[in-house]
There are 2 protein chains.
Amino acid sequence: MATQAEEDYIKAIFKITERNQGSASTNAIAEHLSTSAASVTDMIKRLAQKEYFNYERYKGVSLTPKGLNLATKLIRKHRLWETFLVENLNFSWDEVHDIAEQLEHVKSESLVNRLDDYLGNPKYDPHGDPIPNAEGKFTIRTQFSLMSMNKGEEGVIVGVKEHDKPFLQYLDRLGINLGTKIKVKNFIDFDHSREVIIDEENSTILSHKVCNNIYVKKNQFI
Amino acid sequence: MATQAEEDYIKAIFKITERNQGSASTNAIAEHLSTSAASVTDMIKRLAQKEYFNYERYKGVSLTPKGLNLATKLIRKHRLWETFLVENLNFSWDEVHDIAEQLEHVKSESLVNRLDDYLGNPKYDPHGDPIPNAEGKFTIRTQFSLMSMNKGEEGVIVGVKEHDKPFLQYLDRLGINLGTKIKVKNFIDFDHSREVIIDEENSTILSHKVCNNIYVKKNQFI
DNA sequence: TTAAAATTTTAGACGTGTCTAAAAATATTT
DNA sequence: AAATATTTTTAGACACGTCTAAAATTTTAA
């Protein structure tokens with residue numbers, strides 16, 4: 001049974017290799033976990049011995065099937081708890097990360113499966129991220145960054161890339177949530193920002209960085 | 001912020017001093033936590049320094065107000081989570097202890113308070129134990145052990161002393177739960193067991209030990 | 001292609017929480 | 001009150017997870 005620290009490493013490597021396919025570098029892991037590269041090397045060696053990682057000196061690490069399996073379970077738990085916190089306990093989407101980070105380490109297969117049922121087997125969490133089912137499979141939705149939309153196009157917000165608290169609070173203030181309708185009104189070439197219309201009402205400017213962090217589903221009618 | 005291990009010690013001392021008022025002995029703590037007396041001494045010294053305990057060599061330990069405050073919070077969390085597991089996720093009362101033991105270490109004031117509200121601010125958990133409120137106060141009910149009832153008397157089950165899994169499962173098989181009506185039909189003097197009538201239907205024999213572990217409220221009409 | 005920069009690993013140390021074996025203190029018996 | 005038994009503490013060790021400083025390796029730049 002993996003310790004909490006071990007689980008944190010496994011999740012970190014999952015998150016890192018999720019995007020830049022391949023292997024996670026020592027430095028990337030250290031940054032992700034706010035620890036030193038030396039600690040990461042130590043830990044990696046232990047976990048490689050426990051067969052969670054493929055590891056070769058100076059070459060970074062990737063998850064073995066065993067590691068991937070555990071990572072998926074952790075992601076499942078994390079996202080189900082986030083859903084519970086938002087849907088049932090009325091937390092807002094920027095408050096749930098740290099609590100779910102603790103709850104995901106609670107060990108009980110039946111707990112997570114009953115929670116899943118209690119929530120109605122949701123497919124996406126409050127940030128729009130897919131929730132793996134009990135077999136570890138999850139639904140991938142065709143989604144695009146808001147940046148990739150053309151002038152005049154319309155879409156619905158389905159997720160965010162960063163779960164950074166101030167970022168989510170900023171979106172809240174703009175009235176942007178999952179399910180919010182959004183239309184690109186204008187490109188501002190100078191700084192690559194966009195003028196958008198939110199829910200067919202307010203017009204506002206979203207920076208290049210913000211647009212890159214918002215996922216939309218195009219041409220969807222509610 | 002107390003670690004998980006520290007919290008376990010604080011709760012153990014609370015539980016021990018709850019009954020035999022006064023102080024908890026090193027050995028009692030060791031047994032409660034399934035560890036060695038030497039480890040307990042080590043740990044006690046650290047925690048006394050952190051002002052959770054009053055401690056004097058060879059004299060046992062008791063909780064300071066600071067320690068009592070933390071213990072009460074842990075009890076509150078434990079019992080609220082047990083209630084959630086039974087009421088919302090349909091666990092039975094013998095399955096919830098180990099899971100709640102993990103959940104009680106999750107640190108978030110707002111989580112526990114929102115959970116409390118979500119559950120409708122329950123006063124008692126699924127074992128009939130009182131749940132401290134946000135201020136640490138809890139309702140003590142006038143309750144008696146089943147053993148103290150006279151022949152012919154009637155009462156309602158309001159709690160159990162031991163939370164031992166096989167014991168709770170045994171009660172389940174007999175149809176005994178919180179709220180179950182029970183009437184003492186006969187004393188069996190030979191072994192101090194009792195013949196009782198459960199919910200005005202089945203008659204059965206309960207041993208001296210079992211009767212001592214069941215709490216009833218007498219003369220209560222539903 | 002060699003030097004400089006960045007990354008990664010090793011070495012050695014530390015705090016937490018645990019252990020066993022032995023010593024010290026307390027409690028119980030006789 | 002002395003001997004014995006029990007409880008508690010100390011001493012010394014170890015695994016986990018962390019750290020800093022220095023060495024080794026790889027990558028980048030000149």
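Numbers restart at 1 for each chain; the letters A, B, ... are given by sequence-line order, proteins then strands.
In this structure, B:Phe84 and B:Tyr118 have tilted ring planes: the angle between them lies in the 30° to 60° band. Using cut-offs of 30° and 60° for the angle between ring planes, the B:His163 and B:His127 rings count as parallel.
Atom CG of A:Leu206 and atom CE of A:Met147 lie 10.0 Å apart (nearest 0.5 Å). The CD1 atom of B:Ile99 sits 13.0 Å away from atom NZ of A:Lys107, with the distance rounded to the nearest 0.5 Å.
When the P atom of D:dC16 is taken as reference, atom CD of A:Glu7 falls 16 Å away, rounded to whole Å. At whole-Å resolution of the value, CD1 in A:Ile10 and P in D:dG17 are 11 Å apart. As a whole-Å value, the separation of B:Met43 CE from D:dT9 P is 15 Å. Between A:Leu33 atom CG and D:dC19 atom P the separation is 10 Å, expressed in whole Å. Distance, A:Glu31 CD to C:dT7 C1': 13 Å, rounded to whole Å. The distance between atom CG of A:Asp8 and atom C1' of D:dT18, rounded to the nearest whole Å, is 14 Å. Remark: C1' of D:dA13 and CG of B:Asp42 are 12 Å apart, rounded to the nearest angstrom. Rounded to an integer number of Å, the gap from CD of A:Glu56 to P of D:dT26 is 10 Å.
Out of C:dT18, D:dT8, C:dT8, the shortest distance to the side chain of B:Thr26 is found at D:dT8.
Remark: B:Thr3 is not in phosphate contact with C:dT16, judged by side-chain N or O atoms under 4.0 Å from OP1 or OP2. Contact annotation: B:Thr41 side-chain N/O to D:dT10 OP1/OP2 distance is not under 4.0 Å. The shortest distance between the side-chain N/O atoms of A:Thr35 and the OP1/OP2 oxygens of D:dG17 is not below 4.0 Å. OP1 or OP2 of C:dT9 lies within a sub-4.0 Å distance of a side-chain N or O belonging to A:Tyr55.
Defined by atom type and a distance below 3.5 Å, a donor-acceptor pair is missing between the side-chain atoms of A:Asn27 and A:Ser25. Side-chain atoms of B:Asp94 and B:Ser92 include a donor-acceptor pair closer than 3.5 Å. For the 3.5 Å distance criterion, the side chains of A:Ser39 and A:Ser36 qualify, holding a donor opposite an acceptor.
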List, with names and distances, any nitrogen or oxygen atoms from the protein found under 3.5 Å away from nitrogen or oxygen atoms belonging to nucleotides 2-6 of chain D.
none

Pairwise N/O distances under 3.5 Å, protein to nucleotides 20-25 of chain C:
from: C:dA25; atom 1: O4'; to: B:Tyr58; atom 2: OH; distance (Å): 3.2

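When atom types are taken as modelled, the side chain of B:Arg194 and the backbone of B:Val184 share no donor-acceptor pair closer than 3.5 angstrom.
Residues from residues 44-54 of chain A lying near DNA chain D, meaning a heavy-atom separation below 4.0 Å, are A:Arg46 in numerical order.
In this structure, B:Glu7 does not pair ionically with B:Lys77, as no charged nitrogen and carboxylate oxygen lie closer than 4.0 Å.
With a 6.0 Å radius and a threshold of 12 heavy atoms from other residues, nucleotides or ligands, A:Gln169 has its CD atom above the threshold.
Exactly one residue among B:Leu171, B:Asn213, B:Val210 makes a side chain to side chain contact (heavy atoms under 4.5 Å, CB included) with B:Val160. That residue is B:Leu171. Put simply, the residue from A:Lys11, A:Arg79, A:Arg76, A:Lys73 that forms a side chain to side chain donor-acceptor pair (under 3.5 Å) with A:Glu104 is A:Lys11.
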